Amino acid sequence: MYRVIEERVRAAIGAHIEKAYGQAVSVGVERPPKLEMGELATPVCFELAKRLKRAPRLIAQEMAGSIGAIEGVTRVEVAGGGYLNVFLDRAAFFENVARLAGREAMAAGADASKVIVEHTNINPNKAAHIGHLRNAALGDTFVRLLRHTGRCVEVQNYIDNTGVQVADVVVGFEHLEKKSPGDVRTLAAEPQFDYLCWDLYARVTQWFEEEKTRLAFRVETLKAIEEGRGTAAEIGVIVGEAIVRCHLRTMERLGVEYDVLPRESEILHLKFWKQAFGMLRERGAIQLATSGKNAGCWVMPLGKSEGGEKNRPARDALPHQGGSGQAGATGESEAAGENQDEKIIVRSDGTVTYVGKDIAYQLWKFGLLGLDFRYARFAKRPDGDDVWASTSGAGEADAPQFGHGSEVYNVIDSRQAFLQHVVVAGLRALGHEEQANHSTHFSYEMVALSPRAAQEMGYTLSPDEEKRAYVEMSGRRGLGVKADDLIDELEEATSAEVAERHPQLAAEEQEKIAHTIAIGALRYFLLKFTRNSVISFDFKDALSFEGETGPYCQYAAVRARNIVRKVEEQGGKLPETISAAGAGQWLAAPGGNDVWELALIAGSLGSAVTGAVETQEPAILAKFAFQLAQAFNNFYHKHHILSEEDAAKKAFLLALVEAVEKQLVAALELLGIEAPERM
RNA sequence: GCGCCCGUAGCUCAGUUGGACUAGAGCGUCUGCCUUCUAAGCAGAGGGUCGGGGGUUCGAAUCCCUCCGGGCGCGCCA
């Protein structure tokens, strides 16, 4: 609602300025600091004053008098040095909120083009940890947001099942544990196989460090896995598949689902790279280095700004630029030295690097590769849909068409910014400017451990690490908080509380509520931070259920539901609809300011969603949910609805409560958080 | 060495494209509030040279420069 009026005001003022002053300006709008100053304001007259060389306040006065009527707006006032403050028609706004609450989602397919979001991407060689949870929570929430705005989204979870990490675990099974493929198969059937591999992976790393010559096993195993031969390959397949299933289970616990799992093994078998290599070579995007330290490698030159610079803001400039900064002006001497700004794509032994395969994958996502995967059903989702995986077999005939997106978001942590940049540079070098511009690295900072958290888990830190604000997690060291452990701990804490509060409920019901609250706490915790803030993980914060947390928001929704339920139980007959005039009476300033504020926030969900999508920042929505919950809790203590004697007022308050409940539930749903019936 | 990110209250963090008064939350601390729709809640108090210094502007936490401090990345690893 708010978003619609915001747009309307923006358009009206913009058009008016165009007409009356012949100036085209973008009209910025904001929320005034106080309700008495209206619901919407614009400082546009300051900008206009500069251009017209006139006092801003005078322009504002002129405009306030001549702007004319805007639907939903009662008046426009001049304030301060030249602000235009806009006052909304409260009754009309409320009527809209009450009518449309919870149904603001745009029709699916409004934009038929497909958006591909790739997230999770955990190496299938160990249990998922909390860093992976941040990735999945961000990716999944962004997907929900895009779908809410009517976009058609495909969720991909890339599985690097033939990489070094899997190879290391295979080495562990074969050489450390002396296991046969049959033994591993038996182990893989155990529920906590991912935990077993977590420990084994750390042990193998240790084992390599003790005796460097053992690294030969890794090289040999990696090659065997890539070529699909021998027991190593067999074990690799077993491990890769079993661990992926563990990850899917873990992610299912927090409501994260996927459409398709493209796997690296198929990228190899179907010769995606060979195809991409041909294209890159033909276009001259990669060159064979004949001299210098990279002699014998195929390299991609970097650092040129390739003309079309407009849609890449300065901060997205090439992270690794080395040498000459300003193109042309100075630093030309650098051009003489080769190997300066280039990235190796194919090693001198002919094997392709990770980034090379990534370029092929990215091309496939846009349907630019000229090759496609085949697919087989891999798993069933709770919603009944299938999760498909790429396959080297014949594939199933009824598989949907994946890929062929027009926009791609890769949810990957910021440490991989450079590689993501190389991938986009590859697209651009192939002449796919359009697709390059629609490739977004949805980056976020890592989850690290607070030194205290690391110590609580029994790790001994170096004196240097103890002094730091946080310690980076490390799969190789086995240093990290496993996702399932944290979820278990959250569920344990919540179920004790639920059992105490609702002893009459069946155990199964209690468990379900505890789970919902646990996930609410977890997802909110992962989403409340903005993307480029490093999360220094601390158990105390993550296990908190008070204050700015998921459960706080859920609790507000539960309270709202309780009121509605109690009123229904009392059987009190209340008017079905609230007339605008009636609502206006209770919303009128100054007495109605507090209820009006709540209605205003409730009506601002669309605005929060738009903001979150445009800035690709789910934290904006998390903040919104909290603010709405907070406003409601405040209202809850001021107004006692069940004991309200004035039937008309009671009906109005109840309508407000219902609207808030729907909007809050909708906001939480977008965050992947369910609101329980009781808690 | 080069690049990216960060530095706001004791702690953890918000702060849309520069804006209006007293720079906001949450946690923690202190004080109140459960015979009233569940206290996973509410009200109040205290707490800040927005890392330092310059500059642009009518106006800067926000933009530019510089310095300091921290993190990450820069491999024929992924």
Side-chain angles (χ1 to χ4, degrees), chain A residues 26 28 30 32-34 37 41 43 46 49-50 55-56 79-83 85 123 160 163-165 218 264 293-297 299 315-323 325 343-351 353-355 357-358 413-419 421 443 445-446 448 450 468-470 472 494 497-498 501-502 517 521 528-530 532-536 538 540-541 544-552 554-556 558-567 570 610-611 614-615 617 619-620 623 626-627 630 633-634 636-644 657 678-679:
Chain A
S26 70
E30 57 197 51
K34 279 184 182 160
M37 300 167 149
F46 292 107
K50 236 181 269 185
Y83 273 91
N85 286 352
N123 275 306
D160 182 4
V164 171
Q165 300 214 21
R218 171 195 279 174
E264 181 158 273
K293 66 177 161 72
N294 294 338
C297 300
V299 300
R315 61 187 183 81
D316 270 357
L318 187 61
H320 169 69
Q321 198 138 23
K343 171 74 190 153
I344 291 169
I345 306 296
V346 180
R347 303 180 188 106
S348 56
D349 67 359
T351 57
T353 57
Y354 175 82
V355 70
K357 283 179 274 192
D358 244 24
D413 79 70
S414 62
R415 286 170 292 192
Q416 302 208 45
F418 175 58
L419 294 176
H421 184 88
S443 88
E445 278 289 349
M446 64 179 169
S450 70
R468 295 197 189 180
Y470 48 80
E472 197 173 350
T494 47
E497 186 69 27
V498 171
R501 290 175 186 228
H502 305 286
I517 299 168
K528 70 194 265 193
F529 301 93
T530 50
N532 54 12
S533 166
V534 175
I535 296 182
S536 177
D538 194 84
K540 189 178 137 290
D541 298 336
S544 166
F545 306 115
E546 289 165 18
E548 195 187 344
T549 65
Y552 177 95
Q554 292 172 310
Y555 190 59
V558 168
R559 283 178 144 180
R561 287 178 169 173
N562 284 346
I563 294 171
V564 175
R565 184 168 48 228
K566 283 271 164 72
V567 169
Q570 287 181 355
T610 308
E614 278 175 0
T615 59
E617 193 62 89
I620 289 177
K623 193 62 106 186
F626 174 66
Q627 277 163 355
Q630 202 174 33
N633 275 332
N634 179 295
Y636 181 90
H637 282 268
K638 276 192 196 148
H639 303 272
H640 200 266
I641 293 161
L642 290 186
S643 61
E644 176 58 53
V657 168
R678 24 185 127 240
M679 65 186 277

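A, B, ... follow the sequence lines: proteins, then strands. Residue 1 opens every chain. Values reported hereafter were calculated over all heavy atoms of this structure, with side chains retained and with hydrogens, waters and symmetry mates removed. Every value quoted in this text rests on a predicted model; they were computed, and no experiment measured them.
- Checking side-chain atoms of S544(A) against main-chain N and O of T549(A) turns up no donor-acceptor pair under 3.5 Å.
- Of all nucleotides present, none satisfies the Watson-Crick or G-U wobble test against A23(B) with each distance under 3.5 Å.
- Nucleic acid contact for V657(A): none, since no nucleic acid atom lies under 4.0 Å from a heavy atom of the residue.
- Looking only at distances, a side-chain donor or acceptor of N85(A) sits under 3.5 Å from a matching main-chain atom of M37(A).
- The residue K34(A) sits close to a base: some heavy atom pair falls under 4.0 Å.
- With both ends at atom P, the span from U16(B) to C6(B) equals 12 Å, rounded to whole Å.
- With a 4.5 Å cut-off on side-chain heavy atoms, M446(A) and Y470(A) count as touching.
- D413(A) comes within contact range of no nucleotide atom at all, as no heavy-atom separation falls under 4.0 Å.
- Of the candidates C5(B), A40(B), A20(B), C5(B) carries the atom nearest the N532(A) side chain, counting heavy atoms from C-beta on.
- Within 4.0 Å (heavy atoms only), I620(A) reaches no atom of the nucleic acid at all.
- Shown here, U17(B) forms no base pair; nothing in the strands shown gives a Watson-Crick or G-U wobble contact with both key distances under 3.5 Å.
- Q165(A) comes within 4.0 angstrom of no nucleic acid atom, judged by non-hydrogen atoms across all strands.
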- Evaluation steps, side-chain contact (heavy atoms from CB on, under 4.5 Å), between T353(A) and R347(A): CA-CA 7 Å; T353(A) 57; R347(A) 303 180 188 106; 3.9 Å; yes
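- Rounded to whole Å, the P atom of A9(B) lies 15 Å from the corresponding atom of A61(B).
- The nearest whole Å value for the distance from the CD atom in E546(A) to the P atom in A25(B) is 19 Å.
- Counting only heavy atoms from C-beta on, H640(A) has its side chain closest to C37(B) among A14(B), A78(B), C37(B).
- Atom-to-atom, CE of M679(A) to C1' of A40(B) comes out at 5 Å; the value is rounded to the nearest Å.
- Look at the P atom in both C4(B) and G10(B): the space between them is 31 Å, to the nearest Å.
- The pairing partner recorded for G46(B) is none, the criterion being a Watson-Crick or G-U wobble arrangement whose two distances lie under 3.5 angstrom.
- Closest contact between the side chain of M446(A) and the listed nucleotides C72(B), U38(B), A43(B) involves C72(B).
- Stacking annotation: Y83(A) is stacked on the base of A20(B) (ring centroids less than 5.5 angstrom apart, interplanar angle below 30 degrees).
- S533(A) places no side-chain N or O within 3.5 Å of a backbone atom of F529(A) that could act as its donor or acceptor partner.
- With distances taken from any side-chain atom of K540(A) to the nucleotides C21(B), C37(B), C27(B), the minimum falls on C27(B).
- What separates NZ of K343(A) from C1' of C74(B) is a distance of 9 Å, to the nearest Å.
- The base of A20(B) is paired with the side chain of N85(A) by a donor and an acceptor separated by under 3.5 Å.
- In terms of position along RNA chain B, the nucleotide closest to I641(A) lies nearer the 5' end than the nucleotide closest to the other residue of the pair I641(A) and Y470(A).
- Note on R678(A): a base of the nucleic acid sits closer than 4.0 angstrom, heavy atoms only.
- Across the C1' atoms, A39(B) and G32(B) are found 13 Å apart, a figure rounded to whole Å.
- At the heavy-atom level, A41(A) lies under 4.0 Å from base atoms of the strands shown.
- For C13(B), the base has no donor-acceptor partner in the side chain of S533(A) [N/O atoms by modelled type, under 3.5 angstrom].
- Taking the C1' atoms as reference points, U31(B) lies 38 Å from G70(B), given to the whole Å.
- Straight-line distance from the OH atom of Y354(A) to the P atom of C74(B): 13 Å, rounded to whole Å.
- Across C2(B) and C63(B), the matching C1' atoms stand 24 Å from one another, rounded to whole Å.
- One interatomic measurement links the two molecules: CD of E472(A) to C1' of C72(B), which rounds to 7 Å at whole-angstrom precision.
- For the pair N294(A) (side chain) and C297(A) (backbone), a donor-acceptor distance under 3.5 Å is absent.
- Distances shorter than 4.0 Å separate some side-chain N or O of K566(A) from OP1 or OP2 on U38(B).
- The residues E472(A) and R415(A) are annotated as salt-bridged, a charged nitrogen and a carboxylate oxygen being separated by less than 4.0 angstrom.
- Between A49(A) and A55(A), the shortest heavy-atom contact is CB-C, 4.3 Å.
- With both ends at atom P, the span from U8(B) to C50(B) equals 11 Å, rounded to whole Å.
- OP1 or OP2 of U38(B) lies within a sub-4.0 Å distance of a side-chain N or O belonging to N562(A).
- Between D349(A) and K638(A), the residue anchored nearer the 5' end of RNA chain B, judged by the nucleotide with its closest heavy atom, is K638(A).
- Checked against A40(B), C77(B), C21(B), the side chain of P551(A) finds its nearest nucleotide in A40(B).
- The nucleotide whose nearest atom lies closest to any side-chain atom of R501(A) is, among U36(B), G26(B), A39(B), A39(B).
- Of the listed nucleotides (U38(B), G41(B), G71(B)), G41(B) has the atom at the smallest distance from the side chain of H637(A).
- Considering only side-chain N and O atoms, R347(A) lies under 4.0 angstrom from the phosphate OP1 or OP2 of C77(B).
- No engagement by P56(A) is indicated, since no non-hydrogen atom pair under 4.0 Å with the nucleic acid exists.
- At the heavy-atom level, Q554(A) lies nowhere under 4.0 Å from the strands shown.
- With U38(B), C27(B), A78(B) as the choices, the nucleotide that has an atom nearest any side-chain atom of Y555(A) turns out to be U38(B).
- F46(A) comes within 4.0 angstrom of a base, heavy atoms only.
- Straight-line distance from the CZ atom of R468(A) to the P atom of G69(B): 16 Å, rounded to whole Å.
- At a threshold of 4.0 angstrom between heavy atoms, the contacts of Y552(A) are confined to the sugar-phosphate backbone, with no base atom among them.
- Across all strands shown, A39(B) has no partner, as no Watson-Crick or G-U wobble contact with both distances under 3.5 Å is found.
- N633(A) has its side chain within reach of Y552(A): a pair of non-hydrogen atoms, C-beta onward, lies under 4.5 Å apart.
- G3(B) is paired with C72(B) under the criterion used here, namely a Watson-Crick or G-U wobble arrangement in which both key atom distances are under 3.5 Å.
- Within 4.0 Å of F545(A), counting heavy atoms only, lies at least one base atom of the nucleic acid.
- Spacing of C1' atoms, U57(B) relative to C64(B), comes out at 12 Å, to the nearest Å.
- The aromatic rings of F46(A) and Y83(A) sit perpendicular, their planes meeting at an angle over 60°, well past the 30° parallel limit.
- Shown here, C21(B) is classed anti by the O4'-C1'-N9-C4 or O4'-C1'-N1-C2 angle, which is more than 90° from 0.
- The side chain of K50(A) has G59(B) as its nearest neighbour among A14(B), G59(B), C76(B).
- Taking atom CZ on R561(A) and atom P on U38(B), their separation rounds to 14 Å, with Å as the unit.
- For D160(A), whose side chain is taken as the heavy atoms from C-beta onward, the closest listed nucleotide among U36(B), C6(B), A78(B) is A78(B).
- Among the protein residues, N634(A) comes within range of the sugar-phosphate backbone only, with heavy atoms under 4.0 Å from sugar or phosphate atoms but none that close to a base.
- Within the nucleic acid shown, A619(A) has no heavy atom closer than 4.0 Å to any nucleic acid atom.
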